[in-house]
Amino acid sequence: MIKIEELNIQSAHNHLVNGDFSAVDLVKECIRNIDEKNKDINAYLEVYEDVLKQARCADERIKNKENVTELTGIPIALKDNILNEEKKVSAASKILENYRATYDATVVKKLKDAGVVFTGRTNMDEFAMGSSTENSAFGVTKNPHDTKRTPGGSSGGSAAAVSIGGAIASLGSDTGGSVRQPASFCGVVGLKPTYGAVSRYGLIAMGSSLDQIGPMGRTVSDVEIMFNAIKGKDEMDSTSAPDKQENKKLDGKMKIGVPMHFMDGIDEDVLENFNQSVEKFKSLEYEIKEITLPNVKYSLAVYYILMPAEASTNLARFDGVKYGLHKDGKSLIEDYFETREDGFGTETKRRIMLGTYVLSSGYYDAYYNKANAVRNLIRSDFDKAFADVDAILTPTSPTPAFEIGKKSDPLSMYLSDIFTVQANLTGMPALSIPSGIVSRDGKELPVGLQLITPHGREDILFEIGKKL
Amino acid sequence: MEIDDKEIEKLADLARIKITNEEKKELKKDIESILSYVSEIQKISSDMPDNRFNNSELVNVMREDGQPHKSGFYSEKILGEAPQREKDYMKVKKIL
C-alpha cells in the first residue's frame, strides 16, 4: 500500500526504479486521495483525464531505462495560471473559464521532458490576486488542517494539493508571497526563486517586475530537485537570467540575520515559535545576529502601489477579442466594458482601478515613481545587511491560517503579506519551511519560517533549510 | 484621502470596466482606504539619489530578428481560442 504522505521525490523515485510500484500505481494513489478529499478541500479545479496515459509513458521510460530522471513518474500539480498545451487554464477567472492553452509554459515543457505526471490544475485567487484563495471564481479552497480556515494564497490549491497527498509536489507562482504563505499555512515547503532564475514564458502575468514561478513540496530536497529541473535562462523570456550557481561555494560557519524590530504586532504564538527556531539555529552552531532594515516598514505600501500598477497594465489584454470570454455590447468599446464587467471578480477590478489611479497623470510621480525610489532604498537595506550575514530569517506569515471570510476588508488581507513582499521587491530568493504547530480551537495549525538570501543563492536556502 | 464619484467614474472608464452604483460606493471606500495606507511613502524625503527604478543589474535585453516560423503555423490553434472569427481573422465590430 502506497502512502503519498510518507513519500518524497527521492524515495518515490527509488521505489519506481526498483519496481516496488509503478508510476500508474503512484498516481492512482494520488487520485484516490483527491477523490476522497477534494470535495471538501477544493484544491483541484480539474484532474487531467490523461493522467494514467502520462503515467504509462513514464513507466515505459523507466522500464526501458530511457532518459530516466528523479522526476520521471512523479505526480505534480500545476497552479491554474501556468500554461499546459491543450489543457484548460483559467487563472481561476470567469474571463478565461474555457480557455485552452495554445502552448506549453517553459517550466511545463522542462518537466514534461523530465517525465513527470501532471495530475491537474489547482485553485488560486483570481489572477493570483489574494492571500487566501477566497478570490477564486470557482469556489474557496479550504485548509486541510482545519476546513474553517483558508489555505493561504494565492497558490492555496497547490499547497493544499500536496498537503492532502493529491500530488508529491506542485508548482505555484509568487508575486508577493503567493507560494510561501500558503506553504506555511498548509505545512509544506515553498520556494520563491531569484527574479529571473525561472522562465515565466507561459505564466499568466500579474506583476511583471515581481512574478516568479516557484515549487512546493513536502521537503526542502523535493523543492530543490524541482527548482533544479525548472531553472535556467530561456530565450522565450528575456527577463530570465543565466544560472551562476556552479561558480559558488558555501564556506564555513554561516551567519543568520534576524530583524527583531520588524516583529511588532505579530501573533504571540507565531513569535514564540519564531524565537524557538532562532534558538534551534544557535544550537546548530549558526551565528545569529540582530540586524536592522530601516526602510522595510514601507515595503507593503510600495508593493501595493507597484503590483496594482503592473497588474492593471497586464490585464488590459483581456478584451473579449483574442481569447476567453466575450460579452456583446452595442459597439466594440462597449464589448470591452461588458466583457470585463462580467469576467473579472471584485478584487481584480479593485486592483485594476487602483493601478490605473497610481499610473494616471497627476499621481504618477507621487505614487509610482516614489514607490520605485523607495523600492531601491529597501533593496539597498538588504544589500547592506547581506554584507554581514548569509541569510535573513523571519516568520513567513504574521499569523497561522486565518478563518474563511474573516478578512473581508481588502487592507487587512494585504497586511498578511508583511514578511513576504520584500523578496519580490528586491528580487531575492526566499524559502518557507514548516517550523512547528500552534493550537487554535482544538486544531493544530502549521506555521512557517522564512529564509531570504542574496540573488542567486538558493544553495544557501537549501543548505540551511535542510538542517531545520 | 478623498476621491469623488467623478474620479471613480473616470478611472473605471480608463480601465474599461463598467461598474454599477453599488460597486462604485464599495470601490470608492476601498480605494480611499488603500491609498491612505500606501501614502505613508510620502513621508520619506523626496531628496533621494534617483527617482526611478534604476540599478546596474537591470539592462534592456535585445535580440536579433531570427528565423521566423512558417507563416500560418500557429494560426489555427490561436484563432481557435478567439470568441469570434471570420476565416483567418479575429472578428470585431466595425470601428469607423
Side-chain angles (χ1 to χ4, degrees), chain A residues 99-100 102-103 209 235 238-239 295 297-298 300-302 304-305 308 312 316 319-326 329-338 340-341 344 346 349-350 352-358 360 365-367 369-377 379 409-411 414 427 455, chain B residues 3 7-8 10-20 23-24 26-31 33-55 57-58 60-63 66 74 76-85 90-96:
Chain A
Y99 173 72
R100 279 182 191 273
T102 48
Y103 61 96
S209 78
E235 63 168 15
S238 63
T239 64
N295 295 293
K297 54 180 180 289
Y298 299 113
L300 270 182
V302 170
Y304 278 96
I305 291 169
S312 70
D319 55 7
V321 174
K322 301 183 287 290
Y323 37 67
L325 183 76
H326 173 87
K330 288 193 204 76
S331 60
L332 178 61
I333 195 146
E334 274 194 29
D335 288 2
Y336 299 159
F337 279 91
E338 296 289 338
R340 291 163 68 84
E341 156 67 7
F344 289 142
T346 309
K349 286 178 189 162
R350 199 182 284 133
I352 292 175
M353 296 272 284
L354 196 60
T356 306
Y357 181 90
V358 299
S360 60
D365 280 325
Y367 289 98
N369 269 347
K370 183 90 185 200
N372 274 324
V374 182
R375 179 184 196 165
N376 281 341
L377 292 180
R379 166 149 177 183
D409 164 40
L411 197 57
Y414 296 175
H455 296 98
Chain B
I3 298 184
E7 209 160 2
I8 289 285
K10 189 179 162 226
L11 283 178
D13 199 48
L14 287 169
R16 305 287 186 257
I17 292 174
K18 198 174 99 181
I19 49 170
T20 61
E23 280 180 310
K24 202 192 297 176
E26 286 292 312
L27 281 165
K28 186 169 133 62
K29 184 174 74 92
D30 292 341
I31 289 178
S33 102
I34 296 164
L35 283 176
S36 72
Y37 175 75
V38 301
S39 292
E40 71 178 277
I41 63 163
Q42 312 299 350
K43 284 189 250 160
I44 304 185
S45 152
S46 58
D47 181 28
M48 279 185 288
D50 192 309
N51 239 26
R52 270 162 293 275
F53 188 37
N54 178 10
N55 68 55
E57 282 173 39
L58 295 181
N60 277 327
V61 179
M62 314 291 243
R63 65 164 177 79
Y74 297 105
E76 199 46 47
K77 210 175 234 181
I78 288 167
L79 282 164
E81 290 302 321
Q84 292 175 310
R85 70 184 278 193
M90 287 165 184
K91 191 175 163 186
V92 293
K93 294 195 173 71
K94 71 174 183 188
I95 48 170
L96 286 175

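Labels below follow one simple rule: chain letters A, B, ... track the order of the sequence lines, proteins then strands, and each chain is numbered from 1.
- Heavy atoms only, all atoms of each residue included: A:Ser209 and A:Arg375 are closest at OG-NH1, 2.9 Å.
- Looking only at heavy-atom pairs under 4.5 Å with chain A, the residue among B:Ile3, B:Ile17, B:Val61 that has the most is B:Ile17.
- Both the backbone and the side chain of A:Thr102 have a heavy atom closer than 4.5 Å to some heavy atom of chain B.
- Two residues are said to be in side-chain contact when any heavy atoms from C-beta on lie closer than 4.5 Å; B:Asp13 and A:Phe337 meet this criterion.
- Listed options A:Tyr323, A:Tyr304, A:Tyr357 were ranked by heavy-atom pairs under 4.5 angstrom with chain B; first place goes to A:Tyr357.
- The choice from A:Ala366, A:Gly320, A:Ala316 that makes the most heavy-atom pairs within less than 4.5 Å of chain B is A:Ala366.
- In the displayed structure, B:Lys24 atom NZ is contacted under 6.0 Å by more than 12 heavy atoms of other residues, nucleotides or ligands.
- For the pair B:Met90 and B:Leu79, the minimum side-chain heavy-atom distance is below 4.5 Å.
- Residue A:Glu334 does not touch chain B at all, counting heavy-atom pairs closer than 4.5 Å.
- With a threshold of 4.5 angstrom between heavy atoms, A:Ala371 approaches chain B through its backbone and through its side chain.
- Per-residue heavy-atom pair counts under 4.5 Å with chain A were compared for B:Ile31, B:Leu35, B:Ile19, and the maximum is reached by B:Leu35.
- For chain B, the nearby part of A:Tyr414 is the side chain; its heavy atoms alone come within less than 4.5 Å.
- With contacts defined as side-chain heavy-atom distances shorter than 4.5 Å, the pair A:Val358/B:Val38 does not qualify.
- When each of B:Ser33, B:Ala15, B:Ser39, B:Gly80 is scored by its heavy-atom pairs under 4.5 Å with chain A, the top score falls to B:Ala15.
- At a threshold of 4.5 Å between non-hydrogen side-chain atoms, the residues B:Ile34 and A:Arg350 count as touching.
- The shortest distance between side-chain heavy atoms of A:Tyr367 and B:Ile41 does not fall below 4.5 Å.
- For A:Ile333, the part lying under 4.5 angstrom from a heavy atom of chain B is the side chain only.
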